[in-house]
Amino acid sequence: MEKAKYSYKYPHPSVTTDCVIFGFDGSRLKVLLVERGVEPFKGKWALPGGFLRMDESAEQGALRELQEETGLKTAYIKQFHTFTDPDRDPRERVITIAYYALVRLQDVVAGDDAARAGWFSLDEVPSLAFDHDRILRTAIQEIRRQIHFEPVGFELLPPEFTVKELQLLYEAILDVKFDRRNFYKKMQHLELLTQVKTSAQERRQPFLFRFNAAKYSELKQKGFRLEF
């Protein structure tokens with residue numbers, strides 16, 4: 001192979017992308033893990049991820065891993081940290097660019113690794129391979145911070161949802177409990193929810209709402225921060 005014109009002799013680290021995939025089952029926040037089938041850490045659970053290909057960006061690599069694990073071709077993903085500790089991988093020097101993804105559980109289908117993949121509630125996550133415990137903790141801290149500035153919670157709900165479902169989601173993400181009436185009044189005041197019209201036969205059911213993206217964009221331009 002012909003040597004590149006501008007190449008260097010110093011060692012090059014490998015680069016991976018790891019993806020913290022969050023889902024919501026209606027009451028608890030969950031994370032998708034895969035059981036490693038090879039060494040190192042064979043048999044241990046880990047975050048989905050893999051080595052970056054030479055012809056793709058980090059985001060493309062993360063989206064590829066997401067599709068392989070969940071069957072989703074598009075999803076809300078966000079890069080939140082780069083982990084560079086020299087000894088984080090016993091094989092060689094590996095830098096990982098970490099993303100979190102928010103997916104609706106009902107949209108997920110079996111991926112290539114489905115036979116050894118599973119959803120875990122945050123309080124049931126086992127000890128993870130590599131430094132993935134740290135990556136997961138950092139991701140949780142990040143979505144708890146982002147929820148005040150971005151509508152990240154709505155990505156985890158179906159397009160139409162009840163206020164109770166939204167409240168349970170926010171409680172699961174922030175690990176707090178809200179007063180039901182105060183939560184509803186807050187959302188009503190911000191006008192972030194649009195009520196779905198229902199027929200007479202459906203009026204005995206809880207009201208359904210949609211996220212008002214236009215109103216959110218308007219509030220964000222004014223320096224909006226969601227507080228509870």
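Quantities reported herein were computed from a predicted structural model and do not represent experimental measurements.
Residues L192 and L219 are in side-chain contact: their nearest non-hydrogen atoms beyond the backbone lie under 4.5 Å apart. Residues R36 and K42 are not in side-chain contact: their nearest non-hydrogen atoms beyond the backbone lie 4.5 Å or more apart. A heavy-atom distance below 4.5 Å is not found between the side chains of R93 and P11. Considering only heavy atoms from C-beta on, D87 comes within 4.5 Å of D85 through its side chain. Counting only heavy atoms from C-beta outward, the side chains of F83 and I95 never approach each other to under 4.5 Å. The closest side-chain heavy-atom distance from N182 to K186 is not below 4.5 Å. Side-chain contact between P48 and D18 is absent, with no heavy-atom pair separated by less than 4.5 Å. Side-chain contact between T96 and V15 is absent, with no heavy atoms from C-beta onward closer than 4.5 Å.
Closest of all the heavy-atom pairs between Q106 and P158 is NE2-CB, 3.5 Å. The nearest pair of heavy atoms linking T17 to A62 is OG1-N, 3.7 Å. Closest approach of G153 and I173 over heavy atoms only: CA-CD1, 4.4 Å. Y76 and K78 make their closest contact through OH-CD, 4.0 Å (heavy atoms, listed as atom of the first residue, atom of the second, distance). Smallest separation of non-hydrogen atoms from L208 and T162: CD2-CG2, 3.8 Å. When all heavy atoms are compared, the tightest approach of R88 to T16 is NH1-OG1, 4.5 Å.
In summary, R134 and D131 do not engage in a salt bridge, as defined by a charged side-chain N under 4.0 Å from a carboxylate O. Under 4.0 Å is where a charged nitrogen must lie from a carboxylate oxygen, and between D55 and R53 no such pair does. A salt bridge between E142 and R145 is present, with a side-chain N of the basic residue lying under 4.0 Å from a carboxylate O of the acidic one. Using a cut-off of 4.0 Å between Lys/Arg side-chain N and Asp/Glu carboxylate O, K220 and E150 are scored as salt-bridged.
Under the 4.5 Å side-chain heavy-atom criterion for grouping Ile, Leu, Val, Met, Phe, Trp and Tyr, L156 is connected to L122 within one hydrophobic cluster. Side-chain heavy atoms closer than 4.5 Å link hydrophobic residues (I, L, V, M, F, W, Y) into clusters, and following such links, even through other members, never connects V94 to V20. Tracing side-chain contacts under 4.5 Å through hydrophobic residues (I, L, V, M, F, W, Y), one never reaches F120 starting from F41; they form parts of separate clusters. Linking ILVMFWY residues whenever their side-chain heavy atoms come closer than 4.5 Å, directly or via other members, leaves W45 and V38 in distinct clusters. The hydrophobic cluster containing V196 does not contain F161, counting ILVMFWY residues as joined when their side-chain heavy atoms lie under 4.5 angstrom apart, directly or transitively.
A distance of 6.0 Å or more separates the ring centres of F154 and Y216. In this structure, Y99 has its ring center no closer than 6.0 Å to that of F80.
Taken from CG in L29 to CD1 in I143, the straight-line distance is 5.0 Å, to the nearest 0.5 Å. With rounding to the nearest 0.5 Å, the separation of OH in Y100 from CG in L102 is 6.0 Å. With rounding to the nearest 0.5 Å, the separation of CG in L169 from NZ in K164 is 14.0 Å. The line from CG of L72 to CG of L66 is 5.5 Å long, rounded to the nearest 0.5 Å. The line from CG of L190 to CD of E218 is 11.5 Å long, rounded to the nearest 0.5 Å. With rounding to the nearest 0.5 Å, the separation of CD in E65 from CD in Q60 is 13.0 Å.
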Run the numbers on F130 and D89 for side-chain contact (heavy atoms from CB on, under 4.5 Å), then give the verdict. CA-CA 6 Å; F130 303 102; D89 191 314; 3.5 Å; yes
Between T84 and T82, is the side-chain contact (heavy atoms from CB on, under 4.5 Å) condition met? List the steps. CA-CA 6 Å; T84 63; T82 301; 3.8 Å; yes
Steps toward side-chain contact (heavy atoms from CB on, under 4.5 Å) verdict (R28, F24): CA-CA 6 Å; R28 296 176 296 178; F24 181 62; 5.7 Å; no
Do L32 and F22 pass the side-chain contact (heavy atoms from CB on, under 4.5 Å) test, and can you show the C-alpha distance, the side-chain angles, and the key distance before you say yes or no? CA-CA 7 Å; L32 184 68; F22 290 111; over 6 Å; no
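Around CZ of R144, the count of heavy atoms belonging to other residues, nucleotides or ligands within 6.0 Å exceeds 12. Summarising the local packing, CZ of R225 is surrounded by more than 12 heavy atoms from other residues, nucleotides or ligands at distances under 6.0 Å. The number of heavy atoms from other shown groups lying within 6.0 Å of NE2 (H189) does not exceed 12.
Side chain of N212 to backbone of L193: no donor-acceptor contact under 3.5 angstrom is found. Remark: the backbone N or O of E124 is not paired with any side-chain donor or acceptor of S121 at under 3.5 angstrom. No donor-acceptor pair under 3.5 Å is formed between the side chain of R64 and the backbone N or O of E56. Judged by distance alone, with hydrogens and angles left aside, the side-chain atoms of H81 form no donor-acceptor pair with the main-chain N or O of Q79 at under 3.5 Å. Under the 3.5 Å distance criterion, the side-chain polar atoms of D25 are matched with a main-chain donor or acceptor of S27. At distances below 3.5 Å, not a single donor-acceptor pair connects side-chain atoms of R116 with backbone N or O atoms of V34. Side-chain atoms of H132 come within 3.5 Å of backbone atoms of L47 as a donor-acceptor pair (strictly under, hydrogens ignored). At least one donor-acceptor pair under 3.5 Å links the side chain of E171 to the backbone N or O of F178. A distance-only check finds no donor-acceptor pair linking the side chain of Q141 to the backbone of T138 [under 3.5 Å].
There is no side-chain donor-acceptor pair under 3.5 Å between R210 and T194.
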